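Note that the structure is predicted; figures quoted are calculated from it, not measured.
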Amino acid sequence: MNLNSDNNPLENLIAVIESDKLAHLSLVQTMQSGQHFRSKVLDDDSIIVVNQYGLYRMKEDTSGLSIYGEHLFDYEAYFDMNRDYEQIQEILSRKDPHLEAAIIMNKGLRILQQDPFEMIMTFIISQSKQISQIKILVERLSHLYGDAAGAYKEVAYHMFPTPEQLIGVDEVIYKALKMGYRSRYLEDAVKKIVTRTVDLAAIKSMSYEKAKAELMQIKGVGEKVADCVLLFGYGRFEAFPVDVWIERIIGELYFDKKPSKKELNDFVDDYFGAYKGIAQQYLFEYARTLALGKNKPKN
DNA sequence: GCCCAGGCACTCA
DNA sequence: TGAGTGCCTGGG
């Protein structure tokens with residue numbers, strides 16, 4: 001492996017997204033939201049990203065967003081650039097001042113289109129974990145079982161492993177890797193996906209309800225994880241992942257009391273409509289920034 | 001030492 | 001349908 005930065009592919013400019021296209025695309029806002037765990041900010045503010053296509057270095061400045069790497073990849077698909085975020089933001093902003101403020105603060109936040117298998121494993125791992133810990137565990141799994149993706153500044157990076165690469169990994173091994181009680185879930189996920197008990201390709205053409213039920217056949221995949229997979233792995237904006245934070249925020253902003261599960265779901269369907277998924281991300285980041293929902297409701 | 005973290009499975013009413 | 005509890009592990 002060539003660690004000489006002069007010849008390093010991550011010094012090789014492969015694409016520039018012009019600044020006039022960046023009104024609704026911020027690399028930092030997108031990469032640092034909780035949909036993505038495989039990027040690293042360097043001292044010069046460029047960001048190393050490992051995604052389903054390979055290893056890249058990206059940097060945003062006044063001239064635009066520059067992408068460095070060995071091969072060009074479909075960054076338009078990855079950054080969801082064919083969706084009209086401006087229109088979505090306009091529609092959602094009109095709903096209420098909270099949502100409007102949330103959007104102003106996160107104007108460049110987009111939903112990345114990532115690999116479904118990676119999303120399944122990552123969000124199983126994420127249960128009761130903080131982002132920093134999720135990153136460490138995902139990194140560990142990739143280093144041990146994924147293909148080498150390259151190196152930069154003497155740090156090696158690896159692709160997220162494929163289901164086939166994880167076939168022999170059982171619960172005992174996952175436990176040794178500190179995956180805790182999620183270990184049997186991870187083993188079950190790989191088994192069901194390799195045997196097509198859960199068909200990841202077929203999910204693309206299923207209805208939202210059917211796709212969700214398909215994913216929830218995997219042990220350890222409940223409503224929240226399934227919705228994250230559908231949103232970040234399949235671009236399904238009907239998915240609205242409800243975690244403890246979102247539950248508290250929605251309760252705080254739109255209800256006087258803690259809503260029941262049904263009340264919350266009915267409200268979300270009705271209020272955010274077809275853009276539930278992205279609305280969830282705006283609200284989540286908004287609440288995280290303002291530390292809303294920090295106090296647990298007393299019911 | 002204790003509590004909690006961006007859930008889920010399981011049990012019980 | 002909802003409330004309660006255990007589960008691995010690491011950090012504050």
Closest non-hydrogen atom pair between [X] and [Y], with its separation:
| X | Y | value |
| --- | --- | --- |
| A/F272 | A/A279 | CD2-CB, 3.7 Å |
| A/E60 | A/L25 | OE2-O, 3.6 Å |
| A/R288 | A/I131 | NH1-CD1, 3.1 Å |

Rounded to the Å, how far apart are [X] [atom1] and [N] [atom2]?
| X | N | atom1 | atom2 | value |
| --- | --- | --- | --- | --- |
| A/D227 | B/dG6 | CG | C1' | 13 Å |
| A/K175 | C/dC8 | NZ | P | 5 Å |
| A/E223 | C/dT1 | CD | P | 11 Å |
| A/K219 | C/dC7 | NZ | P | 18 Å |
| A/E263 | C/dG2 | CD | C1' | 12 Å |
| A/K135 | C/dG10 | NZ | P | 19 Å |
| A/I134 | B/dC4 | CD1 | P | 19 Å |
| A/E171 | C/dC7 | CD | C1' | 12 Å |

For residues [X] and [Y], is any side-chain donor paired with an opposing acceptor at under 3.5 Å?
| X | Y | value |
| --- | --- | --- |
| A/D227 | A/Y208 | yes |
| A/Q89 | A/Y282 | yes |
| A/Q114 | A/Y78 | no |
| A/Q217 | A/E214 | yes |

Stretch residues 180-198 of chain A: residues that reach within less than 4.0 Å of DNA chain C through a heavy atom: A/G180, A/Y181, A/R182

Does the Lys NZ or Arg CZ of A/K276 fall within the cation-pi geometry relative to A/F237 - under 6.0 Å from the ring centre and within 45° of the axis? no

DNA chain B base-pair string [pairs: Watson-Crick or G-U under 3.5 Å; |: paired with another strand]: .||||.|||||||

Any base atoms under 4.0 Å from A/K178, or only sugar-phosphate, or nothing? Heavy atoms, all strands. sugar-phosphate

Applying a 4.0 Å non-hydrogen cut-off, can you work out what A/G222 is touching in the nucleic acid: base, sugar-phosphate, or nothing? sugar-phosphate

In residues 113-128 of chain A, which residues come under 4.0 Å of DNA chain B by heavy atom? A/Q127, A/S128

Kindly assign one of parallel, tilted or perpendicular to the pair A/Y53 and A/F73, based on the angle between their ring planes and the thresholds 30° and 60°. tilted

Would you call the rings of A/F267 and A/Y254 parallel, tilted or perpendicular, where under 30° means parallel and over 60° means perpendicular? tilted

Using the [atom1] atom as the reference point in each nucleotide, state the distance between [N] and [M] in Å, no decimals.
| N | M | atom1 | answer |
| --- | --- | --- | --- |
| C/dT5 | B/dC3 | C1' | 16 Å |
| C/dG10 | B/dA9 | C1' | 23 Å |
| C/dG2 | B/dG6 | P | 24 Å |
| B/dC8 | C/dG11 | C1' | 23 Å |

Between A/K129 and A/S260, which residue's closest nucleotide on DNA chain C lies nearer the 5′ terminus? A/S260

Just one of A/M179, A/R182, A/E187 clears the side chain to side chain contact (heavy atoms under 4.5 Å, CB included) bar with A/E171, so which one? A/E187

5'-most by nearest nucleotide on DNA chain B - A/G34 or A/I218: A/G34

DNA chain B: 5'-proximal contact among A/G220 and A/Q280 (nearest heavy atom): A/Q280

Test log, rule ring-ring contact (aromatic ring centres under 6.0 Å, His included), inputs A/F37 and A/F123: CA-CA 10 Å; A/F37 304 94; A/F123 283 99; 5.7 Å; yes

